[in-house]
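Just so you know, these numbers come straight off a predicted model, no measurement behind them.
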Amino acid sequence: MSGFRTAERPTHNGIDISAPKGTPIRAAAAGTVIKVRCNASLDGRPTSCDQDGSPSHAGCGWYTEILTGTLVHRYCHMLVQPYVHVGQTVTAGQTIGIVGTSGHSSGPHLHWEIHTGNPATSQNAQDPEAFLHEVGVSLDAPKP
């Protein structure tokens, strides 16, 4: 897992959770879908999100945002267009898409952001690990 705004990546507004391509992405909390979008470009020109990205691409690839209370959860780099649509209500744990590597990505993973306002901006991004800690979830690997 890569961390939130590390010294190496001070503008990284979320965490990256490694997972095999095709792994279901589940909503972390109940809410309403407020955005479903393809965000990918290469050399400043828009590209398709229906292909693997790379570190030379820009953007989040296929992504969705879910408003849950006052928080916006953003899920990025999906393999295909998210399974949800704007205005849809989702439940915690509902599958909303699948892990891929679209957009600016070096391999399959979920990039997950949490924002304290809508619209989601770099100014209102928060460390998702704090949210996980609040709900009793640890991303630490189990000890053998």
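Under a 3.5 Å cut-off, the side chain of Asn13 and the backbone N or O of Thr121 do not form any donor-acceptor pair. In this structure, Ser18 contributes its side chain and His109 its backbone to no donor-acceptor pair below 3.5 Å.
In terms of hydrophobic clustering, with Ile, Leu, Val, Met, Phe, Trp and Tyr side chains grouped at heavy-atom distances under 4.5 Å, Ile15 and Tyr63 are assigned to different clusters. Val33 and Trp62 fall within a single hydrophobic cluster, where Ile, Leu, Val, Met, Phe, Trp and Tyr side chains are chained together by heavy-atom contacts under 4.5 Å. A chain of hydrophobic side-chain contacts below 4.5 Å, direct or via other Ile, Leu, Val, Met, Phe, Trp or Tyr residues, connects Ile17 to Val99. Under the 4.5 Å side-chain heavy-atom criterion for Ile, Leu, Val, Met, Phe, Trp and Tyr, Ile114 and Ile34 are members of distinct hydrophobic clusters.
Between the OG1 atom in Thr101 and the NE2 atom in His111 there is a gap of 13.0 Å [rounded to 0.5 Å]. From His115, atom NE2 reaches atom CG of Leu67 across 12.0 Å, with rounding to the nearest 0.5 Å. The SG atom of Cys49 lies 9.5 Å from the CD atom of Gln81; values are rounded to the nearest 0.5 Å. Note that the OH atom of Tyr75 and the SG atom of Cys60 stand 12.5 Å from one another [nearest 0.5 Å]. Note: Glu113 CD to Cys76 SG = 5.5 Å, rounded to the nearest 0.5 Å.
Every residue two or more places apart in sequence or in another chain that forms a side chain to side chain contact (heavy atoms under 4.5 Å, CB included) with Ser41 is listed here: Ala58.
Within the structure, salt bridge (Lys or Arg N to Asp or Glu O under 4.0 Å) contacts touching residues 43-68 (residues at least two apart or in different chains) are Lys21-Asp52, Glu65-Arg74. For residues 27-38, there are no side-chain hydrogen bond (donor to acceptor under 3.5 Å, both in side chains) pairs, not counting sequence neighbours. Residue pairs meeting the salt bridge (Lys or Arg N to Asp or Glu O under 4.0 Å) criterion with at least one partner in residues 82-110, sequence neighbours excluded, are absent.
For the residue pair His104 and His57, the shortest heavy atom distance occurs at ND1-O, 2.7 Å. For the pair Ala120 and Val72, the tightest heavy-atom approach, listed with the atom from each and the gap, is CB-CG1, 4.1 Å. Residues Cys38 and Ser48 come closest through the heavy atom pair SG-C, 4.3 Å. When all heavy atoms of Ser102 and Met78 are compared, the pair lying nearest together is OG-O, 2.8 Å.
In this structure, Trp112 and Ile25 have side chains that are not in contact, with every pair of non-hydrogen atoms separated by 4.5 Å or more. A 4.5 Å side-chain heavy-atom check between Ser56 and Leu42 finds at least one atom pair inside the cut-off.
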When the side chains of residues 89-97 are checked against the rest of the protein, which donor-acceptor pairs come out under 3.5 Å, sequence neighbours left out?
{"residue": "Gln94", "atom": "OE1", "partner": "Thr91", "partner atom": "N", "Å": "3.0"}
{"residue": "Thr95", "atom": "OG1", "partner": "Arg26", "partner atom": "NH1", "Å": "2.6"}

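Hydrophobic side-chain contacts under 4.5 Å tie Leu79 into a cluster, directly or through other members, with Val80, Tyr83, Ile98.
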